[in-house]
Amino acid sequence: MEQLLPAAADVPVQVAHLAGSGPGYDDPPADSAMAVLARAVQKKDPRTGRLWFDVAGVVDRNITPEQAALMVKRIRQVGVDRILYGSDAAAGPNLRPREAWAAFRRLPLTEREFEKIATNVAPYLR
């Protein structure tokens with residue numbers, strides 16, 4: 001917030017994995033970082049104007065209801081307009097894209113929220 005975002009004022013900044021490392025969202029320090037960013041977005045901090053978030057790699061088959069609820073809380077805090085969906089490389093233990101999307105769809109989001117996230121396009125791809 002203090003160093004990177006002011007230096008990248010005219011550049012989209014994408015926070016991978018909702019600030020976590022995945023798989024899963026069982027990383028309290030990462031969620032603490034995400035919470036700081038989410039509060040800044042909610043307060044309309046001008047440094048967050050070009051801030052984006054992706055959910056790649058943080059939803060897996062074993063996500064607990066508590067982890068899913070926390071992810072949805074963070075997604076809604078920053079707004080679904082800023083969420084990009086993606087899957088990690090389909091290699092090793094990572095879910096394949098179809099499986100990753102199925103796991104993501106298990107989050108307690110509304111159909112409208114899923115549709116919005118599914119159609120978001122990163123600004124650097126426009």
Side-chain angles (χ1 to χ4, degrees):
M1 287 290 303
E2 301 299 325
Q3 295 175 336
L4 175 66
L5 295 181
D10 298 328
V11 181
V13 174
Q14 184 170 326
V15 178
H17 302 201
L18 294 181
S21 59
Y25 198 67
D26 188 19
D27 186 348
D31 182 63
S32 292
M34 184 62 196
V36 168
L37 296 171
R39 280 192 299 274
V41 169
Q42 284 184 309
K43 292 179 180 177
K44 301 191 183 334
D45 185 316
R47 297 173 293 184
T48 66
R50 303 208 21 111
L51 196 55
W52 290 79
F53 303 86
D54 76 48
V55 296
V58 291
V59 182
D60 65 6
R61 291 183 192 109
N62 302 318
I63 192 166
T64 67
E66 296 78 22
Q67 292 166 350
L70 183 56
M71 285 184 65
V72 168
K73 177 181 177 181
R74 299 293 180 236
I75 288 170
R76 288 177 175 154
Q77 282 180 303
V78 300
V80 294
D81 291 348
R82 293 176 182 255
I83 301 294
L84 301 168
Y85 177 78
S87 61
D88 279 340
N94 292 337
L95 296 176
R96 301 311 179 252
R98 184 180 311 242
E99 297 165 327
W101 180 249
F104 179 68
R105 291 284 302 193
R106 291 180 39 223
L107 291 179
L109 292 166
T110 67
E111 190 59 35
R112 186 176 200 156
E113 289 169 322
F114 281 120
E115 288 174 17
K116 179 60 184 149
I117 292 168
T119 59
N120 286 341
V121 177
Y124 50 82
L125 294 176
R126 294 183 193 148

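- Each of W52 and V15 belongs to its own hydrophobic cluster when Ile, Leu, Val, Met, Phe, Trp and Tyr are linked at side-chain heavy-atom distances under 4.5 angstrom.
- Atom CG of L18 is separated from atom CE of M71 by 5.0 Å, given to the nearest 0.5 angstrom.
- Q3 CD: 12 or fewer foreign heavy atoms inside a 6.0 Å radius.
- The shortest non-hydrogen separation linking A19 to A33 is CB-CB, 4.4 Å.
- Closest of all the heavy-atom pairs between P12 and R50 is CD-NH2, 2.9 Å.
- With contacts defined as side-chain heavy-atom distances shorter than 4.5 Å, the pair R105/V59 does not qualify.
- Side chain of T110 to backbone of E113: a donor-acceptor contact under 3.5 angstrom is found.
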Checklist entry - Does the side chain to side chain contact (heavy atoms under 4.5 Å, CB included) test come out yes or no for Q77 and V41, once each step is laid out? => result CA-CA 8 Å; Q77 282 180 303; V41 169; over 6 Å; no

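- If you take CG on L107 and CD on Q67, they are separated by 10.5 Å, rounding to the nearest 0.5 Å.
- Rounded to the nearest 0.5 Å, atoms CG (D27) and CE (M34) are 13.0 Å apart.
- Shown here for V13 and A8, the closest heavy-atom pair between the two residues is CG2-CB, 3.9 Å.
- At least one donor-acceptor pair under 3.5 Å links the side chain of R96 to the backbone N or O of N94.
- Side chain of H17 to main chain of A56: a donor-acceptor pair is present (N/O by atom type, distance under 3.5 Å, no hydrogens or angles).
- To the nearest 0.5 Å, atoms CG (L70) and CG (D31) are separated by 4.0 Å.
- At distances below 3.5 Å, at least one donor-acceptor pair connects side-chain atoms of N120 with backbone N or O atoms of V80.
- The shortest non-hydrogen separation linking P108 to A68 is CD-CB, 3.9 Å.
- Taking CD of E115 as the reference point, atom CD1 of I117 lies at 11.0 Å (rounded to 0.5 Å).
- Distance CG/L4 to CG/L51: 9.0 Å, rounded to 0.5 Å.
- For an aromatic pair to be called close, the ring centres must be under 6.0 Å apart, and Y85 with F114 fails this.
- Side-chain heavy atoms closer than 4.5 Å link hydrophobic residues (I, L, V, M, F, W, Y) into clusters, and following such links, even through other members, never connects L84 to L37.
- Hydrophobic clustering of Ile, Leu, Val, Met, Phe, Trp and Tyr side chains at less than 4.5 Å, counting indirect connections, keeps V11 apart from V78.
- The cluster map of Ile, Leu, Val, Met, Phe, Trp and Tyr, joined by side-chain heavy atoms under 4.5 Å apart, puts L95 and V58 in different clusters.
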Item to check | Stepwise side chain to side chain contact (heavy atoms under 4.5 Å, CB included) test for M1 and T48 | outcome: CA-CA 8 Å; M1 287 290 303; T48 66; 4.3 Å; yes

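- In this structure the side chain of Q14 never reaches within 4.5 angstrom of the side chain of R82, judged on heavy atoms.
- Between D45 and K43, no side-chain nitrogen of the basic residue sits less than 4.0 Å from a carboxylate oxygen of the acidic one, so the salt-bridge criterion is not met.
- Counting only heavy atoms from C-beta outward, the side chains of R74 and F53 never approach each other to under 4.5 Å.
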